[in-house]
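For ligands, and for the atoms within them, numbers begin at 1 and follow the listed sequence. Excluded from the calculations below are hydrogen atoms, water molecules and symmetry mates; all remaining heavy atoms, backbone and side chain alike, are included.
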Amino acid sequence: MAEQGHLFVDGEHRTGTSGETHDVINPADGSVVATVALASARDVDDAVAAATRAQQVWGAMTPGERSAALTRLAAAMEARAEEYAQVETSQTGKPIKLTREFDVPGSIDNVAFYAGAARNLEGKAAAEWDGAHTSMIRREPVGVVGSIAPWNYPLQMAVWKVLPAIAAGNAIVLKPAELTPLTALMLAEDCKVAGIPDGVVNVITGTGRLAGEALLAHPGVRMVSFTGSTPVGKRVMEVASATVKRVHLELGGKAPFVVFDDADLEAAVQGAVAGALINTGQDCTAATRAYVQRPLYDAFVQGVADVMRTVRLGAPTDPGTDQGPLVSFAQRDRVAGFVERARGYGAKVVAGGQIPGGELASGAYYEPTLVVDAAQDSEIVQSEIFGPVLVVLPFDSDEEGIALANDTPFGLAASAWTRDVVRSMRASREIQAGCVWINDHIPIVSEMPHGGYKQSGFGKDMSQYSFDEYTQVKHVSIDVTGEARKDWHRTIFGDR
Ligand code: NAD
């Protein structure tokens, strides 16, 4: 782990030029995990300069050479998988079983996927569309990519940003979230271990307002890839527009979970609790709004409340802990505020709804919480809470269930629960989201894309589709007539 240097620029740790630092806090007990530098605009300039130089070298290497380096990166990460898991847990409060079994292996799998995908980038085959020219398509790197990541899955988000960018021959400057920069720094260290040239992967730790905006505004950055909240995403588009950067936005979500009356009730109940509480609900695809067809509604609410009460809150490092603290005390208070305001306007809290006391009082814990009787247009149904809170609402007709599912500004992910193939096909077609699960909620794979509809953003992370973001398509048109006077010239000057 990087304890001395805090930025990783041009293959080395640097302390930065601002002289300012930020403490990374363990939200389980408030202790300081590490102190990192806050990058200045000058540090951003240095990182972009290093990336610009390195991209010339990296972009000129063969896909096979890049692929070999990414394979070594996967091995380097695997060699310290347990360290990644421990550091991720200490800076986020995630239960160690989640970081060991999900965050870290999922990230390494993603690196391995891109090691293969790096060799499969090609344009379309050549052809003579007008008979006089051979056209071909080249797929080229964009250049230097500036990426900004959130705190909820720090390593995974760093990997999702860095890997498609560098697999396609770009260089990158990544700004992790202030709260959780440590595993992104480890990733950059492992890029060096893997023999990826210095400067291809740079990590600047710093604030959004200063380092983030400097990166967005930098003329040397050709593309911005951002994962975070929708309000900041809007700001990213605004700043990036000044230099007409390509923009890729993965933003907030408010995933619906639609249970039709023929669903397997037990599966839906278990799926709702797991889907709502994964990563303490700090997951952009987490199940947040369950719509349950009237005949199953009461049993579903009862079932979810019963399962929620079995969830074990505790120390994140204890392998028996199901749910750790929120990422910060501020985030916990934000979540508690949503639930308090919902109570105030008449919603009912069926389970949880409290900041736990006793041993857990020194951490940013919040109980798994089930809310009913909230109105569809209320804040708790419409806004992203990013905490362990599930709201359940009833519906009558299938049309109504799907319409309610679509009734927020977001469109990142959704699930439908039914044993009827026609209903499942209809839900998958009509729900406006970048991912629709049928009879499950959450699983993702490196081979398939992740990205939003509506105000959840645009562009795809993961999978071959991500290369559409991180490459630009060039049309090369070659005259094959060999004639000095082309046929079309007669439209410009007279017959001779
Ligand atoms: P956030 O938007 O507050 O911050 C995200 C990043 O943006 C951080 O690195 C922050 O420093 C930076 N930032 C903040 N203000 C900035 C500015 N003015 N200019 C440049 N950078 C700035 O989000 P968060 O609280 O870190 O993360 C939670 C959000 O991320 C949720 O909304 C969640 O849904 C979203 N998210 C989305 C996906 C997805 O794939 N769609 C994945 C994970 C998280």
Exercise. Given the rule in the side chain to side chain contact (heavy atoms under 4.5 Å, CB included) test, do Gln55 and Arg222 qualify, once you have shown the distances and angles that lead to the verdict?
Worked result: CA-CA 12 Å; Gln55 198 274 325; Arg222 288 309 323 138; over 6 Å; no
For this session: Give a yes-or-no answer on whether the side chains of Asp407 and Tyr291 include a donor-acceptor pair shorter than 3.5 Å.
Result: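 No - no donor-acceptor pair under 3.5 Å links their side chains.
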For this session: Give a yes-or-no answer on whether the side chains of Ser107 and Tyr84 include a donor-acceptor pair shorter than 3.5 Å.
Result: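 On atom types as modelled, these side chains do not qualify, holding no pair under 3.5 Å.
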Problem set entry | All pairs passing ring pair (Phe, Tyr, Trp, His ring centres under 6.0 Å) where residues 28-50 contributes a residue, at least two apart |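 Every candidate ring pair (Phe, Tyr, Trp, His ring centres under 6.0 Å) pair involving residues 28-50 fails, so no pair, neighbours aside, qualifies.
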For this session: Answer yes or no: are there more than 12 heavy-atom neighbours, outside Arg42 itself, under 6.0 Å from its atom CZ?
Result: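 No, because the 6.0 Å sphere around CZ of Arg42 holds 12 heavy atoms or fewer from other groups.
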Problem set entry | Tyr453 OH: over 12 foreign heavy atoms closer than 6.0 Å |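 Open: at most 12 neighbouring heavy atoms sit under 6.0 Å from OH of Tyr453.
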Exercise. At a 4.0 angstrom heavy-atom cut-off, what protein residues surround ligand 1?
Worked result: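 Residue list for ligand 1: Ile148, Ala149, Pro150, Trp151, Asn152, Met157, Lys175, Pro176, Ala177, Glu178, Gly208, Gly212, Glu213, Leu216, Phe226, Thr227, Gly228, Ser229, Val232, Arg235, Glu250, Leu251, Gly252, Gly253, Cys284, Glu384, Phe386, Leu412, His450.
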